[in-house]
Each structure stands twice: as C-alpha cells, then as structure tokens.
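To start, the structure itself, in structure tokens.
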Amino acid sequence: MDGLDLIKTFREVAFRRSFSRAAISLGMSKATVSRYVAELEERSGVRLLNRSTRSLSLTDAGQVLLDRSTELVAMAENTLNDLQAHGSHPQGRLRMSAPHGLIAGWLSDVIAEFIQLYPDVYVSLVFTNDELDLIEEGIDIHLTGGRIDDMNLIVRRLVPFDMVVCASPAYWARRGIPRVPEDLGRHDVLSYSAKPTTHLPFETGGKAVDVPVHSRMEANDAVALIELALRGAGVAYVPEPLAQSHLERGALVPVLREHMPSDHWLYAAYSQRRHNSAAMRTMLDFLEQSMARHGNPPAMPPLPPALQVLAPSSPSPSPSSVATAATCALSRAPGAARATASAGRTDKPPRR
C-alpha cells in the first residue's frame, strides 16, 4: 500500500478519534482502516495511537506525524488536483456557508453570475453566524469576516472592508454627534458581537485604542442591529457593506470614520482534508477574481456640515431638519451611488 494513503487514513482516524467514523468518511470498511493504521505503525516502528474499548488518542509519535504530515498531504493533493483540473469540468453539488446579511449585497451578484456560467454546478447556501465544523457540516467553502483560528483550514483573503459607527439622523439630533471615540461612552451602543461588549476598537494617531462603551445590546447578526439603529434605538458598530444602502440614502449617518480600525477582510475558508472538486476550485477562483473585476467603489462622502456642528454641548435642531440636511448632503456628494468604507484602498487581496 502507498505510504501517502496510509498517512491519509491515519490522519482521518486521528481527526475523527474513531476507526468507525473514519471508515464512513473514507468509504472503507473499519477492518481496512485498522489494517492501514497497523501497517503504518509497523513501517514506522512506533505506536501512533493509544486504543481502548472506550477511547482513542494520539501517542507523542502520532502527534508528531499528524503535525508534520499536514503540509505534505496538502501539497500532494493540490498537485494531483491541479493535474486533474486540466481535464475536469465543474459540476455537482457545492455547499457554502456565509453570515446572515451577506446575500443582500455583493454575494448575490457573484452567485447569480456563477450559476449562469456553470449550469452543471448546484450551489447550496447555508446562512449562519455560528462557528461551524466544515467537515462535520459538509461545507466546502465558508465565507466569514471574523478571525479563523482553525489550523486545519486554508484561508483566502477576498476583499477588505471597514466597520462603521452609525445611527439615524433622529438619534444624532437627540443625543449629539461624537467628535472623538471616547464620546461614545455617553451613547447607547448596539454592538456586533457574540459576547458582551464593554470596549470597541478604534485608531487614533495610527495607534489602536479600546474605548469603553455602554452597550445596550449585543447580537451576532449585524442586520438586526442595523434595523434597530434605523429606528433610533442606538449607535450601531457593524460591517459597513451591510449598512451601505441605508448610508447611501441618509437613513443612517456615519461618524468617526477617520478613527475606524483597518485590516478587516472577507475570507473564504475551506478544509485541506476535503476533496477539492473542480466546482470548489472554480468557485474559489471566481470569488477572488470578482473582487479584482469590480474594483474599489468610490468613497463615502464627507460627514454633512449640518451634522458636524452638532457637538454634545450644542443645541440640538429638530430630528426632521437633521434628517433633511443629512439626506441632501449625501445625495449631493460625488460617488454617493455606491458607498463603502473599503473604498479608496489601493491594496489587492493577496492569494494564499
């Protein structure tokens, strides 16, 4: 038996912590999986797994093999996939996951174009803001804007985006416009988080600062926070592309843009242990290329002058006058047709 096949079988057992589950995943019998692992142990001259009737764990030697074989197996599979890709055709089922709200923007255009170009590919979309086990859930590609700590995943950067602090014109008229991040301490903050938020990240003078805030609500769905902000419930700290349409029409007004942290990316993550089908490779390339094709949209217009003068100590005009001024200023600004904080960037997402 080829040594690479033995190592791949061992890795599946190690990840699954079960010969039975590994056999199901590999489409092999449990006896064959056990025989392959035993053969690998015989060739290496060391025991790789601790077995008992109730549990299975790695020995020190098994952990070393698991760690050091990751790049080897990935390189071998990618090389084979590249060779097969010359004669392969994208087809079959492609299962993807993405955060709620993403379909309302750029992703809907990408998916619509992709399924027209590749009619033999069936795309299955799962929308969730929870952490997923891609192997367990059968996900081929996971789109996320959050940090990815799983070392078993390969990650591609797709497009940079910014966070935005925004609220309705009526809210700003009632509570005043913050001039510096620290002013948010007196506001009702609607924060995008799965955990209670006591601080929000900003940048001042090129340095990162965490500003203490009074959070009225946390949610792991930015769309819900945006809806509440539209109703004047508080200040939303959310990914700007999700609030884009409301910013364009003046229903939400951004503040503190010069203090927003940079280096937020939309990522495509996928497992290096899954079979990289032609459909999966084609979608990954299509996602990345679509960013270069669409280019960078124009920048958000400056904060309307009518709002800039609303310091906390200044008398507040009526909500209707602020809303009118904000809407007019936004509509007059150049390039207001498509506003997002990732605008103005000159860097391009690197390939990994």
Closest heavy-atom pair, Ala222 versus Pro239, reported as atoms and distance to 0.1 Å, is CB-CD, 3.9 Å

Determine the minimum heavy-atom distance between Pro254 and Cys166, stating which atoms define it.
CA-CB, 4.0 Å

Can you check side-chain contact (heavy atoms from CB on, under 4.5 Å) on Leu65 and Phe10, steps first, answer last?
CA-CA 9 Å; Leu65 177 59; Phe10 158 77; 3.6 Å; yes

Phe114 side chain near Met283 side chain, heavy-atom distance below 4.5 Å
yes

Does Glu41 come within less than 4.0 Å of Arg51, counting only side-chain N to carboxylate O?
yes

Side chains of Trp172 and Val253: does their closest heavy-atom pair fall under 4.5 Å?
yes

What I want to find out is whether Arg43 reaches Glu39 closely enough, with some N-O distance under 4.0 Å, to be called a salt bridge.
yes

Flag the pair Val213 / His199 as yes when at least one side-chain heavy-atom distance between them is below 4.5 Å, and no otherwise.
no

Who passes salt bridge (Lys or Arg N to Asp or Glu O under 4.0 Å) against Arg93, sequence neighbours left out?
none

Donor-acceptor pair, Ser124 side chain versus Arg95 backbone, under 3.5 Å?
no

Do Val164 and Val180 share a hydrophobic cluster (ILVMFWY, side-chain heavy atoms under 4.5 Å, transitive)?
no

So which heavy atom on Ser290 is nearest to which on Val110, and how close?
OG-CG2, 3.8 Å

Can you tell me how far CE of Met163 sits from NE2 of His264, rounded to the nearest 0.5 angstrom?
5.5 Å

Hydrophobic cluster identity match, Tyr36 and Val46, side-chain contacts under 4.5 Å
yes

Among all residues two or more places apart in sequence or in another chain, which pass the salt bridge (Lys or Arg N to Asp or Glu O under 4.0 Å) test with Arg231?
Glu227

Does the side chain of Glu248 come under 3.5 Å of the side chain of Gln244 through a donor N or O and an acceptor N or O?
yes

Is it the case that the side chains of Thr70 and Arg11 hold a donor-acceptor pair, with the cut-off being a distance below 3.5 Å and no angle test?
yes

A side-chain contact here means heavy atoms from C-beta on lying under 4.5 Å apart; do Tyr122 and Gln91 qualify?
no

Co-membership, hydrophobic cluster, residues Leu49 and Ile24, 4.5 Å side-chain:
no

Within a reach of under 6.0 Å around CD of Glu42, are more than 12 heavy atoms found that belong to other residues, nucleotides or ligands?
no

To the nearest 0.5 Å, atom CG of Leu190 lies from atom CD of Glu218 at 9.5 Å

Quick one: side-chain hydrogen bond (donor to acceptor under 3.5 Å, both in side chains) partners of Tyr171, sequence neighbours excluded?
His187

Determine whether Glu288 and Arg156 satisfy the following criterion, side-chain contact (heavy atoms from CB on, under 4.5 Å), listing intermediate values before the conclusion.
CA-CA 8 Å; Glu288 197 168 44; Arg156 284 197 193 186; 3.4 Å; yes

Give a yes or no on whether the backbone of Val235 and the side-chain of Arg175 come within a donor-acceptor separation of less than 3.5 Å.
no

Would you please indicate if the ring centroids of Tyr237 and Phe202 are separated by under 6.0 Å?
yes

Could you tell me if the side chain of Phe127 sits less than 4.5 Å from the side chain of Asp221, heavy atoms only?
no

If you round to the nearest 0.5 Å, how far is CZ of Phe19 from NZ of Lys30?
8.5 Å

Answer yes or no: is there a side-chain heavy-atom contact under 4.5 Å between Ser97 and Glu137?
no

Should Val223 and Val238 be regarded as members of a common hydrophobic cluster, given that ILVMFWY residues are connected when their side-chain heavy atoms come within less than 4.5 Å of each other, either directly or indirectly?
no

Looking only at non-hydrogen atoms, find the nearest pair between Val33 and Leu26 and report the distance.
CG2-CD1, 4.4 Å

Would you check if Thr282 and Leu284 make a side-chain contact, meaning some heavy-atom pair closer than 4.5 Å?
no

Please answer whether the main-chain N or O of Arg16 pairs with a side-chain N or O of Arg21 as donor and acceptor at a distance below 3.5 Å.
yes

Start with the C-alpha gap between Met280 and Ile141, add the side-chain angles, then the distance that decides, and say whether side-chain contact (heavy atoms from CB on, under 4.5 Å) holds.
CA-CA 8 Å; Met280 177 179 168; Ile141 301 173; 4.1 Å; yes

Rounded to the nearest 0.5 Å, what separation is found between the CG atom of Leu6 and the OG atom of Ser69?
12.0 Å

Contact summary for Gly250 and Pro169, nearest pair of heavy atoms
O-CG, 3.4 Å

Euclidean distance, Glu203 CD relative to Glu258 CD, rounded to 0.5 Å
11.5 Å

To check you understand the geometry: which heavy-atom pair defines the closest contact between Ala229 and Ser168, and what is its length?
O-CB, 3.5 Å

Lys/Arg N to Asp/Glu carboxylate O, Asp188 vs Arg174, below 4.0 Å
no

Would Ile139 and Met96 count as a side-chain contact (heavy atoms from CB on, under 4.5 Å) if you check the C-alpha gap in whole Å, the side-chain angles of each, and the deciding distance to 0.1 Å?
CA-CA 6 Å; Ile139 301 297; Met96 299 174 61; 5.7 Å; no

Are any non-hydrogen side-chain atoms of Ser271 and Phe15 less than 4.5 angstrom apart?
no

So CG of Asp183 and CG of Leu256: to nearest 0.5 Å the spacing works out to 7.5 Å

Single-linkage hydrophobic cluster Leu40~Val64, side-chain heavy atoms < 4.5 angstrom
no

